[in-house]
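Here the structure is a predicted model, which means the values were calculated and not measured.
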Amino acid sequence: MNVDLHNHVIPQGVVDAIRADPKSFETKIEDRDGASYFNAHGRMAKLIPEFHNADAKVAWMDRVGLDMAGISVAPPIYFYHLNAEVALQSAKLANDGIAQMVAKYPARLRGMAHLPMQDPDAAIAELERVVKEHKFRAVELATSIEGRPL
């Protein structure tokens with residue numbers, strides 16, 4: 001069995017929240033030439049369907065020979081630099097979006113939780129929520145939180 005434990009997504013709920021309030025997220029979604037791009041402080045990334053669409057993700061997995069993938073948020077949406085309230089909102093949207101993708105393909109996708117690490121109490125509460133509601137068994141963290149190594 002071919003398993004990928006490092007497979008990134010940017011759930012649609014996060015994209016929608018950024019579009020609605022780019023100032024709070026300190027980033028924006030730009031539409032150009034029929035495509036959408038994630039613009040994080042001038043670093044642009046095309047929002048390909050595999051980032052948010054479970055059908056596209058699994059079709060890609062089939063093309064590259066993957067049987068299963070652990071999906072987690074892409075680093076540009078860790079949002080460790082944001083205030084705790086916005087970071088928690090983003091984590092909830094990301095985790096719920098990941099859970100929706102996993103629910104569509106439970107034999108192919110596994111969810112990895114994202115946590116608002118700038119607020120330890122919020123991170124613990126979100127971890128408890130995703131374990132209880134979504135049965136997540138893994139967490140993805142950056143190696144540092146705003147320059148402070150774990």
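- With values rounded to the nearest 0.5 angstrom, Ser90 atom OG is found 9.0 Å from Asn95 atom CG.
- No path of Ile, Leu, Val, Met, Phe, Trp and Tyr side chains, each step under 4.5 Å between heavy atoms, connects Tyr105 with Met112, placing them in separate hydrophobic clusters.
- Partners of Phe136 by ring pair (Phe, Tyr, Trp, His ring centres under 6.0 Å), not counting sequence neighbours, listed by chain and number: His134.
- Shown here are the side chain to side chain donor-acceptor pair (under 3.5 Å) partners of Asn7, two or more places apart in sequence or in another chain: Asp4, Lys57.
- Under the side chain to side chain donor-acceptor pair (under 3.5 Å) criterion, the residue pairs touching residues 106-125 are Asp62-Arg108, with sequence neighbours excluded.
- Salt bridge present: Asp96 and Arg129 bring a charged side-chain N and a carboxylate O closer than 4.0 Å.
- Ile124 is linked by a side chain to side chain contact (heavy atoms under 4.5 Å, CB included) to Glu128, counting only residues two or more places apart in sequence or in another chain.
- The shortest heavy-atom contact between Asn53 and Ala56 is OD1-N, 2.7 Å.
- With Thr27 contributing its side chain and Asn39 its backbone, the two residues share a donor-acceptor pair below 3.5 Å.
- Both Tyr80 and Val9 are members of a single hydrophobic cluster when ILVMFWY side chains are connected at heavy-atom separations under 4.5 Å.
- By the side chain to side chain donor-acceptor pair (under 3.5 Å) test, Asp21 is found to be paired with Ser24, residues two or more places apart in sequence or in another chain being considered.
- Other members of the cluster containing Val3 are Met1, Leu5, Met68, with ILVMFWY side chains joined at under 4.5 Å, either directly or via other members.
- Counting all heavy atoms, side chain and backbone alike, Ile77 lies closest to Pro11 at CD1-CD, 4.2 Å.
- For Arg63, the side chain to side chain contact (heavy atoms under 4.5 Å, CB included) partners two or more places apart in sequence, or in a different chain, are Glu50, Ala59, Trp60.
- The two residues Ala94 and Val73 make their nearest non-hydrogen contact at CB-CG1, 3.5 Å.
- Linking ILVMFWY side-chain heavy atoms closer than 4.5 Å, directly or via other members, places Leu88 and Ile18 in two distinct hydrophobic clusters.
- Residues Lys135 and Lys132 come closest through the heavy atom pair NZ-O, 3.0 Å.
- Nearest heavy-atom pair across Glu126 and Ala91 is OE2-O, 3.8 Å.
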Output a table of donor-acceptor pairs, distance under 3.5 Å, between side-chain atoms of residues 140-150 and any protein atom two or more places apart or on a different chain; print 'none' if there are none.
unit_1, atom_1, unit_2, atom_2, d
Glu140, OE1, Ser72, OG, 3.1
Glu140, OE2, Ser72, OG, 3.4
Glu140, OE2, Tyr78, OH, 3.1

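- Counting side-chain heavy-atom gaps under 4.5 Å among Ile, Leu, Val, Met, Phe, Trp and Tyr, the cluster of Tyr37 also holds Met44.
- Atom NZ in Lys28 sits 12.0 Å away from atom CZ in Phe38 (nearest 0.5 Å).
- Closest approach of Ala123 and Met117 over heavy atoms only: CB-SD, 4.1 Å.
- Within a 6.0 Å sphere centred on CD of Glu85, other residues, nucleotides and ligands contribute 12 heavy atoms or fewer.
- Applying the side chain to side chain contact (heavy atoms under 4.5 Å, CB included) criterion to Val15, with sequence neighbours excluded, gives Ile10, Gln12, Arg19, Ile29, Leu47.
- Taking CG of Leu93 as the start and CD1 of Ile98 as the end, the distance is 11.0 Å to the nearest 0.5 Å.
- Applying the side chain to side chain donor-acceptor pair (under 3.5 Å) test to Lys104 and every residue at least two apart in sequence or in another chain returns Asp55.
- Proximity of Pro75 to His8: side-chain heavy atoms (C-beta onward) are separated by under 4.5 Å at one or more points.
- Using a 4.5 Å cut-off between side-chain heavy atoms of Ile, Leu, Val, Met, Phe, Trp and Tyr, with links allowed through other members, Val14 and Ile71 fall into the same hydrophobic cluster.
- Checked against ring pair (Phe, Tyr, Trp, His ring centres under 6.0 Å), Phe25 has the following partners two or more places apart in sequence or in another chain: Phe79.
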